[in-house]
Amino acid sequence: MSTRRILVTGTDTGVGKTVASAAIVACWTGAGRPVTYVKPAQSGTDDGDDDAAFVAAHTGAPTIVGPRLGEALAPAVAARRAGQSVTLDDLLAPIAAAPSDADLVVEGAGGLLVELGTDGTMVADLAVAADLPIVVVARPDLG
C-alpha cells in the first residue's frame with residue numbers, strides 16, 4: 001500500500017489548520033496506518049504556540065518540527081527579525097526526516113502564499129518542491 005501525503009494550508013491565520021491536520025492524522029491512524037505530522041517551521045513559540053504538541057496530544061502521532069521561531073509572525077519575518085536564515089532546504093528537511101513507510105500530514109503557516117523561508121519560499125513553493133497535494137482550510141463565512 002502506498003503512503004498518503006498532503007499539505008494542509010488555509011485561507012488565513014487561525015482558520016483551523018491545526019485542528020484539521022489533527023483530524024486527518026486521527027482518521028488515517030484509525031485506519032491502521034502509521035502517520036507522521038510535520039510542521040516545517042513553527043513561529044510564535046515565545047507565546048507558547050506549538051501546533052505539533054496539539055496534534056500529538058490529540059492523536060498520539062509522532063511529530064517532526066523544523067525551525068522554531070519566537071515571534072508570532074510569518075515564519076520568514078520571524079526568522080529575519082531573529083537574525084536567522086530559513087531556506088527551502090531547511091523546510092524540506094523535516095519532511096525528508098519522516099519515516100518513508102508513514103502517511104504524512106504537513107501543516108503550513110497562514111495561507112498558501114505566506115512566506116516560510118527567508119529565501120522567498122512560500123507555502124505553495126514547499127508543496128510543489130515536496131510534491132504534496134494541498135488541502136485548504138477555510139472559514140464557513142460568506143464572501
Side-chain angles (χ1 to χ4, degrees), residues 1-82 84-141:
M1 185 178 312
S2 64
T3 58
R4 298 178 284 196
R5 300 164 35 104
I6 62 164
L7 184 138
V8 177
T9 190
T11 54
D12 59 14
T13 298
V15 73
K17 293 179 300 295
T18 304
V19 172
S21 295
I24 294 166
V25 168
C27 286
W28 287 0
T29 301
R33 299 175 65 109
V35 183
T36 299
Y37 167 89
V38 176
K39 183 75 173 182
Q42 174 67 63
S43 60
T45 59
D46 288 351
D47 297 332
D49 290 347
D50 190 342
D51 296 339
F54 177 90
V55 172
H58 288 86
T59 68
T63 64
I64 301 172
V65 181
R68 294 176 184 266
L69 305 156
E71 288 189 85
L73 301 166
V77 175
R80 282 187 196 102
R81 288 174 54 113
Q84 294 178 276
S85 174
V86 176
T87 66
L88 175 59
D89 287 342
D90 296 327
L91 299 164
L92 289 169
I95 296 169
S100 61
D101 65 337
D103 290 340
L104 192 59
V105 176
V106 179
E107 182 185 346
L112 196 57
L113 299 181
V114 165
E115 192 177 12
L116 294 177
T118 55
D119 62 355
T121 300
M122 294 182 290
V123 174
D125 300 321
L126 180 63
V128 170
D131 194 27
L132 296 170
I134 298 169
V135 171
V136 179
V137 180
R139 295 186 203 292
D141 298 337

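All residue numbers refer to positions in the sequence shown, counting from 1. What you see below is based on every heavy atom in this structure, not just the backbone, and it leaves out hydrogens, waters and symmetry mates.
- Shown are Val8, Val106, Leu113, Leu7; of these, the side chain to side chain contact (heavy atoms under 4.5 Å, CB included) with Val123 is made only by Leu7.
- Checking side-chain atoms of Asp101 against main-chain N and O of Pro34 turns up no donor-acceptor pair under 3.5 Å.
- Side-chain contact between Arg68 and Asp50: present, with at least one pair of heavy atoms (C-beta onward) separated by less than 4.5 Å.
- Scanning all heavy atoms of the two residues, the minimum distance from Leu91 to Ala41 falls at CD2-CB, 3.8 Å.
- Applying the side-chain hydrogen bond (donor to acceptor under 3.5 Å, both in side chains) test to pairs two or more places apart or on separate chains, those with a residue in residues 15-24 are Thr18-Asp51, Thr18-Glu107.
- Counting only residues at least two apart or on different chains, the ring-ring contact (aromatic ring centres under 6.0 Å, His included) pairs with a member in residues 48-69 are Phe54-His58.
- Ile24 CD1 to Ile6 CD1: the interatomic distance, rounded to the nearest 0.5 Å, is 3.5 Å.
- With rounding to the nearest 0.5 angstrom, the CG atom of Leu69 is 11.5 Å from the CG atom of Asp49.
- Counting all heavy atoms, side chain and backbone alike, Val114 lies closest to Ala109 at CB-O, 3.3 Å.
- Minimum heavy-atom separation, Trp28 to Arg5: CH2-N, 4.4 Å.
- Open room surrounds CG on Asp131; 12 or fewer heavy atoms of other groups in view lie less than 6.0 Å from it.
- Inspection of the Asp89 and Thr87 side chains reveals no N or O donor paired with an N or O acceptor under 3.5 Å.
- Residue Tyr37 comes nearest to Val25 through the heavy atom pair CB-CG2, 4.4 Å, listed as atom of the first residue, atom of the second, then distance.
- Asp103 approaches Ser2 most closely through the heavy-atom pair OD1-O, 4.4 Å.
- Pairs of residues two or more places apart, or lying in two chains, that qualify as side-chain hydrogen bond (donor to acceptor under 3.5 Å, both in side chains) and include a residue from residues 6-15 are Asp12-Arg139.
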